[in-house]
**Student:** 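Take this structure, written in structure tokens, and hold onto it; I'll ask about it next.
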Amino acid sequence: MGIIRPHGTMLRGKTDDYEIVLRPLCDAHLPYLYKWNADSEVLYWSESGVDDTQLSYDEETVRDIYGAVSRNAFCFLIEANGVAVGECWLQKMNRADIMKQYPTALDVRRFDFVIGEKSYWNKGIGSCFVVMLIDFAFNRTAVDVLHCVNDDYNLRSTRMWEKHGFTKVAEEPLTPQPQKGKFEYHWRLTREEYHAQVAR
């Protein structure tokens, strides 16, 4: 049995400069995951917590993370013009504090993503694949709610959620301090809100 549980969904999109493909993540992609999760600059933006500029995950930790997440998520490798640049997940919500806010019958999901190749930062790639994931969630699966979180220091993520129609529904203090941020922001987009936005 492999480490990462694959699926059969591939998504395609484009920006002015890039053809974007979200390819099912699989064990063959582990070398990319090892590289990106060992890079402290990449992890600074993708991981909450203390202001650790030397954070790095070893290969065993990476296998544990992606092996567990892929059991309850659509995990994708992000390609831009055929180059592997990052990864993203559409994951069943795994935080009990968030799930208790919703009726148990609702399918609540979260996005997690990282562009691990830093030369591809600020190129519009993240905005493109977030649109692709939102469309996939609400038009091709039974997702009812997307509930995403980011810390206040990550202004790029804040702008991303605002740009794509998410509503900020909570600000929770990050404790204990000090951490990179002071607050964790919670963002929500429901199926009904999404379809209302599309219909405008």
Side-chain angles (χ1 to χ4, degrees), residues 3-4 13 15-70 73-91 94-95 110-133 148-164 166 168 171-187:
I3 295 165
I4 298 172
T15 71
D16 290 341
D17 299 311
Y18 297 100
E19 295 285 339
I20 306 299
V21 176
L22 302 187
R23 191 177 301 280
L25 198 66
C26 66
D27 287 1
H29 302 139
L30 281 167
Y32 298 120
L33 305 179
Y34 296 151
K35 174 187 175 185
W36 300 330
N37 283 278
D39 188 324
S40 58
E41 188 176 3
V42 171
L43 292 180
Y44 183 87
W45 296 105
S46 65
E47 298 297 296
S48 298
V50 297
D51 191 1
D52 184 353
T53 58
Q54 301 303 314
L55 182 62
S56 180
Y57 293 144
D58 61 27
E59 293 185 3
E60 181 179 1
T61 299
V62 170
R63 290 191 294 272
D64 288 344
I65 291 171
Y66 290 87
V69 168
S70 66
F74 290 93
C75 297
F76 297 95
L77 183 78
I78 305 162
E79 294 182 348
N81 290 349
V83 177
V85 300
E87 49 85 4
C88 57
W89 315 333
L90 175 62
Q91 180 184 9
N94 60 344
R95 285 181 48 172
R110 59 184 286 180
F111 290 160
D112 291 273
F113 55 84
V114 63
I115 297 178
E117 297 297 329
K118 292 174 283 190
S119 61
Y120 288 83
W121 288 1
N122 301 313
K123 304 288 188 183
I125 293 169
S127 185
C128 180
F129 70 70
V130 165
V131 168
M132 295 162 66
L133 287 172
C148 302
V149 297
N150 71 278
D151 290 357
D152 58 351
Y153 77 95
N154 194 335
L155 299 180
R156 284 181 294 187
S157 287
T158 293
R159 289 193 294 267
M160 177 86 71
W161 305 131
E162 291 174 337
K163 176 180 179 179
H164 295 298
F166 285 73
K168 185 162 68 172
E171 296 183 18
E172 297 185 350
L174 290 166
T175 56
Q177 286 291 327
Q179 294 192 34
K180 288 179 285 188
K182 300 293 186 184
F183 292 92
E184 179 182 73
Y185 294 161
H186 290 249
W187 304 88

**Student:** Rounded to the nearest 0.5 Å, how far apart are CG of Leu133 and CZ of Phe76?
**Tutor:**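 Between Leu133 CG and Phe76 CZ, I get 6.0 Å after rounding to 0.5 Å.
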**Student:** Sequence neighbours excluded, which residues qualify as salt bridge (Lys or Arg N to Asp or Glu O under 4.0 Å) partners of Asp151?
**Tutor:**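 Scan of Asp151 (salt bridge (Lys or Arg N to Asp or Glu O under 4.0 Å), adjacent residues dropped) gives none.
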**Student:** To check you understand the geometry: which heavy-atom pair defines the closest contact between Ser56 and Ala38, and what is its length?
**Tutor:**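 That would be OG-O, 3.1 Å.
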**Student:** To the nearest 0.5 Å, what is the distance between OH (Tyr18) and OH (Tyr120)?
**Tutor:**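 Atom-to-atom, Tyr18:OH and Tyr120:OH are 5.5 Å apart.
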**Student:** Compute whether any side-chain donor of one residue and acceptor of the other, for Glu87 and Tyr66, lie under 3.5 angstrom apart.
**Tutor:**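 Checked: Glu87/Tyr66 side chains pair up, N/O donor to acceptor below 3.5 Å.
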**Student:** Are Tyr44 and Tyr153 near enough that their ring centres are under 6.0 Å apart?
**Tutor:**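 That pair passes the under 6.0 Å test.
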**Student:** Nearest heavy-atom pair of Val114 and Ser46: which atoms, and what distance?
**Tutor:**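 For Val114 and Ser46, the tightest heavy-atom pair comes out as CG2-CB, 4.1 Å.
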**Student:** Please answer whether the main-chain N or O of Gly181 pairs with a side-chain N or O of Gln177 as donor and acceptor at a distance below 3.5 Å.
**Tutor:**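 Yes.
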**Student:** Might you point out which heavy atoms bring Leu55 and Leu43 nearest each other, and give the distance in Å?
**Tutor:**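 Nearest pair, atom of Leu55 first, then Leu43: O-CD1, 3.6 Å.
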**Student:** I'd like to know if the side chain of Ser48 pairs up with that of Lys180 as donor and acceptor (distance under 3.5 Å, no hydrogens or angles considered).
**Tutor:**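 Side chains of Ser48 and Lys180: no pair found under 3.5 Å.
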**Student:** Please confirm whether Phe166 and Trp187 have ring centers closer than 6.0 angstrom.
**Tutor:**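 Not under 6.0 Å, so no.
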**Student:** At their closest point, which heavy atom of Ile115 faces which heavy atom of Trp121, and how far apart are they?
**Tutor:**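 That would be O-NE1, 2.7 Å.
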**Student:** Between Phe113 and Val130, is there a side-chain heavy-atom distance shorter than 4.5 Å?
**Tutor:**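 Yes; the side chains approach each other to less than 4.5 Å.
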**Student:** Restricting to non-hydrogen atoms, name the atom on Ser70 and the atom on Cys75 that form the minimum distance, rounded to 0.1 Å.
**Tutor:**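 Heavy atoms of Ser70 and Cys75 come nearest at CA-SG, 3.8 Å.
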**Student:** Using 4.0 Å as the upper bound for N to carboxylate O, is an ion pair formed by Lys168 and Glu184?
**Tutor:**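 Salt bridge absent between Glu184 and Lys168.
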**Student:** Measure the CG-SG distance between Leu22 and Cys88 for me, rounded to the nearest 0.5 Å.
**Tutor:**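 If I round to the nearest 0.5 Å, the distance is 4.5 Å.
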**Student:** Side chains of Asp152 and Thr158 only: does a donor on one sit below 3.5 Å from an acceptor on the other?
**Tutor:**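 There is no such pair (donor and acceptor under 3.5 Å, judged by atom type) between the side chains of Asp152 and Thr158.
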**Student:** Among side-chain atoms of Arg110 and Asn94, is any donor-acceptor pair under 3.5 angstrom?
**Tutor:**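 A donor-acceptor contact under 3.5 Å links the two side chains.
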**Student:** State, to 0.1 Å, how close Thr15 and Cys128 come at their nearest heavy-atom pair, and which atoms those are.
**Tutor:**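 Here Thr15 and Cys128 meet closest at CG2-CB, 3.6 Å.
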**Student:** Would you call Lys35 and Glu117 a salt bridge, taking side-chain N to carboxylate O under 4.0 Å as the test?
**Tutor:**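 A salt bridge links Lys35 with Glu117.
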**Student:** For the residue pair Val85 and Phe129, establish whether any side-chain heavy-atom pair is separated by less than 4.5 Å.
**Tutor:**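 The answer is no, as the side chains (C-beta and beyond) never meet within the 4.5 Å cut-off.
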**Student:** Applying side chain to side chain contact (heavy atoms under 4.5 Å, CB included), run through Asn150 and Trp161 and close with a yes or a no.
**Tutor:** CA-CA 9 Å; Asn150 71 278; Trp161 305 131; 3.3 Å; yes
**Student:** So, the side chain of Asn154 versus the backbone of Trp45: is there a donor-acceptor pair under 3.5 Å, distance only?
**Tutor:**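 Yes.
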**Student:** Using side chain to side chain donor-acceptor pair (under 3.5 Å), reason through Ser127 and Lys163 one step at a time and then give a plain yes or no.
**Tutor:** CA-CA 9 Å; Ser127 185; Lys163 176 180 179 179; 3.1 Å; yes
**Student:** Do Thr61 and Asp58 pair up side chain to side chain, a donor and an acceptor below 3.5 Å, judged on atom types alone?
**Tutor:**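 Side chains of Thr61 and Asp58: pair found under 3.5 Å.
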**Student:** Nearest 0.5 Å please: distance from the CG atom of Leu77 over to the NE2 atom of His29.
**Tutor:**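 If we round to the nearest 0.5 Å, Leu77:CG and His29:NE2 are 4.5 Å apart.
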**Student:** For residues Gln91 and Phe111, determine if any side-chain heavy atom of one lies less than 4.5 Å from a side-chain heavy atom of the other.
**Tutor:**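 They are not in contact (no side-chain heavy atoms under 4.5 Å apart), so the answer is no.
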**Student:** Looking at side-chain heavy atoms only, is the closest gap between Ile20 and Glu79 below 4.5 Å?
**Tutor:**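 Side chain of Ile20 against side chain of Glu79, heavy atoms only: no contact under 4.5 Å found.
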**Student:** To the nearest 0.5 Å, what is the distance between CD on Glu60 and CZ on Arg63?
**Tutor:**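 Rounded to the nearest 0.5 Å, the CD-CZ separation comes to 6.0 Å.
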**Student:** May I ask you to test the Leu33-Ile4 pair for a side-chain heavy-atom distance under 4.5 Å?
**Tutor:**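 Contact flag for Leu33/Ile4 side chains = yes.
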**Student:** Considering residues at least two apart in sequence or located in another chain, which fulfil the ring-ring contact (aromatic ring centres under 6.0 Å, His included) criterion with Tyr32?
**Tutor:**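 Tyr32 satisfies ring-ring contact (aromatic ring centres under 6.0 Å, His included) with Trp36 once adjacent residues are dropped.
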**Student:** We want to know whether Tyr57 and Glu47 form a side-chain donor-acceptor pair, criterion being a heavy-atom distance below 3.5 angstrom.
**Tutor:**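 Their side chains do contain a donor-acceptor pair, which is all the 3.5 Å distance test asks for.
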